[in-house]
Each structure stands twice: as structure tokens, then as C-alpha cells.
Amino acid sequence: MRASHADRERAVDVLRAGYGEGRLEKPEFDRRVERAYAARTVGELALLVADLPQGPVPHAVPAVPAVFLPVPRARVNGKAVASAVCGGLCLVTFGLTGIPAVVLGHAARAEIARTGEEGDGLALTGLALGWLANAAWAVLMFLSFALAVAFG
């Protein structure tokens, strides 16, 4: 439904009340008022004031039916990304980032199980590469110790 001048003024009044109560910062208030005066439909006005306590503009219809709204994507866990990056850097750093890859991978998997975030594959990749690098260092240390004992 197209918005009338009165609809726009009601929306701006709700925005003014929200700004007066300290619910909006000045830059956000200015942007919303500008968008209210430029709004063509009642649905656009309803979106501008929907998060304020006085609610949406009266007789507003939803701007977009829920069927057409995008499906919210789960966030990728940051520790899982860091674990995969550290695991990948094991080749460049000669395995020095193996321990952070393992620690971050385990922490990420625990957070993913608790929060439902994405990134389990990244965490597993970091864990695998980190453990491989740590195992390679352990074997290298053992062999160097064994050779030092045998020939030294």
C-alpha cells in the first residue's frame, strides 16, 4: 500500500519520540527520517520504526512476506578459521604454528557444539594439520636424540 504524507509524518513522530528517549543516535535518527520522507509504501515506514517501543505505523502491512525473506546463514566460527589458517601455515613455518592450530581447533569444536555455528570442517582441518606437524616435530626430536645418544 502506498504511503501518504500523514503516514510519513506518523513514522517521523515515532522516530522523534525514540530519539528523544535516547533509543536512537543522532546519525541513525537522521538517516531514518530521510528514509521515512523518501518511503513510497507503508511497509517501508513500518520497517523504519518496527524496533521502537511505539511499534510500527498503524495499519501497516509487512514489507516482505516471510516466505520471501532470505534464510539466515549461520556464522562461521572465527577460531575454526584461525585453526585452519595456522594448520595451513605449518608447511611454511616448519610446524611452528601446529600447537596454535590444535588449541584453536579444539576450542572451535567446543564452541561450535555449544552455539551451532558453522566451521566444523575448518576446525578439523586445522586439528589434522596441527597434529601432523606436532607429530613430525616429535619424531624429529626423537630421532635427533637417538642419533646424539648413538654417536655422541
*R16/D13 ion pair, N-O < 4.0 Å*: yes
Determine the minimum heavy-atom distance between [X] and [Y], stating which atoms define it.
X: V49; Y: A11; answer: CG1-O, 3.6 Å
X: A80; Y: G119; answer: CB-O, 3.2 Å
X: Y19; Y: L24; answer: CD1-O, 3.4 Å
X: A101; Y: G126; answer: CB-O, 3.5 Å
X: E44; Y: R40; answer: OE2-N, 3.3 Å
X: G18; Y: L52; answer: CA-CD2, 4.4 Å

Quick one: pull up [atom1] in [X] and [atom2] in [Y] and give me the separation to the nearest 0.5 Å.
X: T115; Y: R75; atom1: OG1; atom2: CZ; value: 8.0 Å
X: L48; Y: R31; atom1: CG; atom2: CZ; value: 11.5 Å
X: E28; Y: L15; atom1: CD; atom2: CG; value: 9.0 Å

Hey, can you pull the donor-acceptor pairs under 3.5 Å for the side chains in residues 128-152, sequence neighbours left out?
{"residue": "N134", "atom": "ND2", "partner": "G130", "partner atom": "O", "Å": "3.2"}
{"residue": "W137", "atom": "NE1", "partner": "F94", "partner atom": "O", "Å": "2.6"}
{"residue": "S144", "atom": "OG", "partner": "L140", "partner atom": "O", "Å": "3.2"}
{"residue": "S144", "atom": "OG", "partner": "M141", "partner atom": "O", "Å": "2.9"}

*Minimum side-chain heavy-atom gap K79-S83 below 4.5 Å*: no
*Heavy atoms, side chains only, cut-off 4.5 Å: are E9 and Y37 in contact?*
yes
_side chain to side chain contact (heavy atoms under 4.5 Å, CB included), paired with N77, selected from E118, R109, E117_ = E117
*Group every Ile, Leu, Val, Met, Phe, Trp and Tyr by side-chain heavy-atom contacts under 4.5 Å, then state whether V14 and V33 land in the same group.*
yes
*Under a single-linkage definition using a 4.5 Å side-chain heavy-atom cutoff for Ile, Leu, Val, Met, Phe, Trp and Tyr, are L127 and V103 assigned to the same hydrophobic cluster?*
no
_Neighbour count >12 (heavy atoms, 6.0 Å) for atom CD1, I99_ = no
*Which residues, ordered by chain and number, are linked to L122 in its hydrophobic cluster, where ILVMFWY side chains connect at heavy-atom gaps below 4.5 Å, directly or through other members?*
V76, V81, V85, L89
